[in-house]
Undergrad: 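Handing you a structure now.
Proteins come first, then strands; the chains are lettered A, B, ... in the order of their sequence lines, and each starts at number 1. Bear in mind the structure is a predicted one, so any value in this text is a computation, not a measurement.
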Amino acid sequence: MTEHTFFVPLSFQFRDINRMNIEQTLQEAILQAIKELYQADAEASQITLQKTKKEFTGHYTLVTFPLLRISRKKPEETAQEIGTYLVENAPVVTEFNVIKGFLNLTISPAVWVNLLREINADPDHGFTPVTDDAPLFMVEYSSPNTNKPLHLGHVRNNLLGHSLCEVLKANGKRVVKTNIVNDRGIHICKSMLAWQLWGNGETPESSGKKGDHLIGDYYVLFDKKHKEEQAVLQEKGLSKEEAEAGSKLMEQAREMLRRWEAGDEETVALWKKMNDWVYAGFDETYQQMGVSFDKIYYESETYLPGKEEVLKGLEKGLFYRKEDGSVWADLSPTGLDHKLLLRADGTSVYMTQDIGTAKLRFDDYPIDTMIYVVGNEQNYHFQVLSILLDMLGFEFGKGLVHFSYGMVELPEGKMKSREGTVVDADDLMAEMIETARETSAELGKLDEATPEEAEAIARMVGLGALKYFILKVDPKKNMTFNPQESIDFNGNTGPFIQYTHARVRSILRKAEEQGIALPDKLDTGALLSEKEEGLVQLLSEFGTVVKQAGSEYNVSLIGNYVYELAKEFNQFYHDHPILREENTALRDFRLLLSKNVALTIKRGMKLFGIDVPERM
RNA sequence: GCACCCGUAGUUCAAUGGAUAGAAUACCGGAUUCCGGUUCCGACGAUGUGGGUUCGAUUCCCGCCGGGUGUACCA
């Protein structure tokens, strides 16, 4: 790495260059250059500017190939001419070099100092404040069933949902976080029945179990008893189908569902009691995970409105009824198939409920964009939902977004509920925190901390490891979660980023102890290295990354950005002094840079729902 | 069968149509040390396959191969 000395004059003249706009300034200058050199107007889209790769000198690179049609010259020649023009006429550009068709531009060091100063002065750096008239986004995520606890798959869902909301807010959108709870249906009745038959009045209090785990256990128990029953029947010589048809347990469960739908008081009371246990359990899990909701919908309240909408659609002739009474939508004009909306017995299916839920939501809020965070196994479902809502006359149907994500596997392989290899969310989080505690103790990092501090840090690190590892991966891809790798203090991990933050904060604390004040302005000369300029450049890109993440609904972009920032800082300042630097101008620059690196890491991690400790 | 998604170092992940495809981790070599376990440096190592579009393709289009998911009365 080469270091070069620049004296930054007090009165440099780049007032017109504000921080986010270096690229824009360059683009305009390049357009101007083309106009003067070739007497032609280029489209802004023809100006492809990108960050200069590390192995070359420069900050930004102009790819000249798209411009050859205008210049009618060779790539090298074109680059040479534009470069010369820019150095002579654009104050931002101080040097250039040409490699093949690539024009590498070096930005004046004064610009970087100025940029850092402006970033520091902007309390919203990277984020757009939310205004009252901003577009309203509703984001549905989590969507649990009330018959079993949350597992690893839900963890990815919750983290993505929460993170997406944070990213949208950082982009100035109004966000309503919502959850749809699947609280009715045969699966709940199985748990209820098992509890009635074999529960002996067990409660979360009496058993010491979380409510959702308790109910989950009864669901499993039902399954076990049902299998035993089937085995007995099959031993008596019944076929598999006959045994299933003759199941007393299933019959009782279905009977319970009928009573529930009929509003039978006792059944409804039991249902309510057991669901409340589950909700208490979920609340604990959500709190531990750090996610929350503004408004929760329950399918028990949306399936009837859904039915109404379907019947209305039937009247309007949008749907048709078969001889057996079932209601269908013919989607063949859109290239899809026929879709069932109401069963022959008049009861609703999943799709019916989602139509009802959508209607209630749009009655409740002036939603501009509805986003569903749901696994990719339901891609087809949401494609159909969008079309159906549109057919029913809801304008929002067409624009709904299915934020589709892939499965999470473990290094050992897939989770299979039948084989008992499902990873429970509560257990997982507890283990992560425990591992963080052990690792910290081993490394002796927290010897000076109070037990409360140590506990809080273990929590941040354990959960940070989990969250970062899951969120850094492109949501739409299937992924493998490796708990061990995730909690490593080196590498592209949450703990490494947290460590870097703690390290920067420690530097700033020491500065304060030594009576070195953070500068409020940088108006002196500084000796900047390429790395330092690169760090300022990285800092300035934060806003762009956040914006891109928001417009693409792809939160993983944030992770890679923050990691790079942390890594670059950590690497460079491992053996470059900050506090012992004798040149005070340089020291001031480094302090201010440190402060803003820490702030940006903190802001970035906030978008992941990850807390960063002051020390660790 | 049909539809959608995914195939990148041993492994886990990157790469708005741009330069010699980046990290991390593992393994190997060197340095460092209270240390087989820490830290630093170095080396090794990849676009499933065949075409097409383009000045330029991991990226876009078509055909294969492989994996995943879904596909009319589960949610």
Undergrad: Stem list for RNA chain B, please, built from Watson-Crick and G-U wobble pairs under 3.5 Å and keeping only runs of at least 3.
TA: B:1-7 with B:65-71, B:10-13 with B:22-25, B:28-31 with B:39-42, B:48-52 with B:60-64
Undergrad: List for me each residue that meets side-chain hydrogen bond (donor to acceptor under 3.5 Å, both in side chains) alongside Asn182(A), sequence neighbours excluded, and say none if there are none.
TA: Asn145(A), His187(A)
Undergrad: State whether a side-chain donor-acceptor pair under 3.5 Å links Thr493(A) with Asp488(A).
TA: no
Undergrad: What is the distance, rounded to the nearest whole Å, between atom CD of Glu485(A) and atom C1' of U12(B)?
TA: 5 Å
Undergrad: Among A72(B), A19(B), A23(B), which is the nearest nucleotide to the side chain of Thr61(A)?
TA: A19(B)
Undergrad: Over all strands shown, is Glu299(A) touching base, sugar-phosphate only, or nothing at heavy-atom distances under 4.0 angstrom?
TA: sugar-phosphate
Undergrad: Within the pair Asn104(A) and A19(B), is there a side-chain N or O less than 4.0 Å away from OP1 or OP2?
TA: no
Undergrad: Name the closest nucleotide to the Leu340(A) side chain, picking from C73(B), U16(B), U69(B).
TA: C73(B)
Undergrad: Given atom CE of Met351(A) and atom C1' of A72(B), what is their separation to the nearest angstrom?
TA: 11 Å
Undergrad: Does a side-chain N-to-carboxylate-O contact under 4.0 Å join Arg258(A) and Glu251(A)?
TA: yes
Undergrad: Does Lys307(A) NZ have over 12 foreign heavy atoms under 6.0 Å away?
TA: yes
Undergrad: Taking CG from Leu67(A) and P from G18(B), how many angstroms apart are they, rounded to a whole number?
TA: 15 Å
Undergrad: Can a side chain N or O of Lys477(A) be found less than 4.0 Å away from OP1 or OP2 on G7(B)?
TA: yes
Undergrad: What distance, rounded to whole Å, do you find between the two C1' atoms, one in U8(B) and one in U58(B)?
TA: 7 Å
Undergrad: Taking the six-membered ring for Trp, are Tyr573(A) and His576(A) parallel (under 30°), tilted (30 to 60°) or perpendicular (over 60°)?
TA: perpendicular
Undergrad: Between U11(B) and C27(B), how far apart are the two C1' atoms, rounded to whole Å?
TA: 11 Å
Undergrad: On RNA chain B, nearest-nucleotide positions of Phe56(A) versus Asn560(A): which is more 5'?
TA: Asn560(A)
Undergrad: Check whether any side-chain N or O of Arg343(A) sits under 4.0 Å from OP1 or OP2 of A75(B), and answer yes or no.
TA: yes
Undergrad: Quick check, are the ring centers of Tyr141(A) and Phe293(A) under 6.0 angstrom apart?
TA: yes
Undergrad: Check every atom of C13(B), G68(B), A75(B) against the side chain of Gln353(A) and return the nucleotide holding the closest atom.
TA: A75(B)
Undergrad: Rounding to an integer number of angstrom, what distance separates U32(B) and C41(B) when you compare their P atoms?
TA: 15 Å
Undergrad: What is the separation between atom CG on Asn182(A) and atom C1' on C74(B), rounded to the nearest whole Å?
TA: 10 Å
Undergrad: Can Arg437(A) and Glu434(A) be counted as an ion pair, charged N to O under 4.0 angstrom?
TA: yes
Undergrad: Taking only side-chain N and O atoms of Lys100(A), does any of them lie within less than 4.0 angstrom of OP1 or OP2 on U20(B)?
TA: yes
Undergrad: Without decimals, in angstroms, what is the distance between Asn490(A) CG and U39(B) C1'?
TA: 9 Å
Undergrad: Of Gln548(A) and Gly185(A), whose nearest nucleotide on RNA chain B comes first from the 5' end?
TA: Gln548(A)
Undergrad: Compare side-chain N and O positions of Lys476(A) against OP1 and OP2 of C6(B) and report whether any pair is under 4.0 Å apart.
TA: yes
Undergrad: Salt-bridge test for Lys54(A) and Glu568(A): reply yes if a basic N is under 4.0 Å from a carboxylate O, no otherwise.
TA: yes
Undergrad: Does Trp328(A) lie flat on the base of A72(B), that is, centres under 5.5 Å apart and planes under 30° off?
TA: no
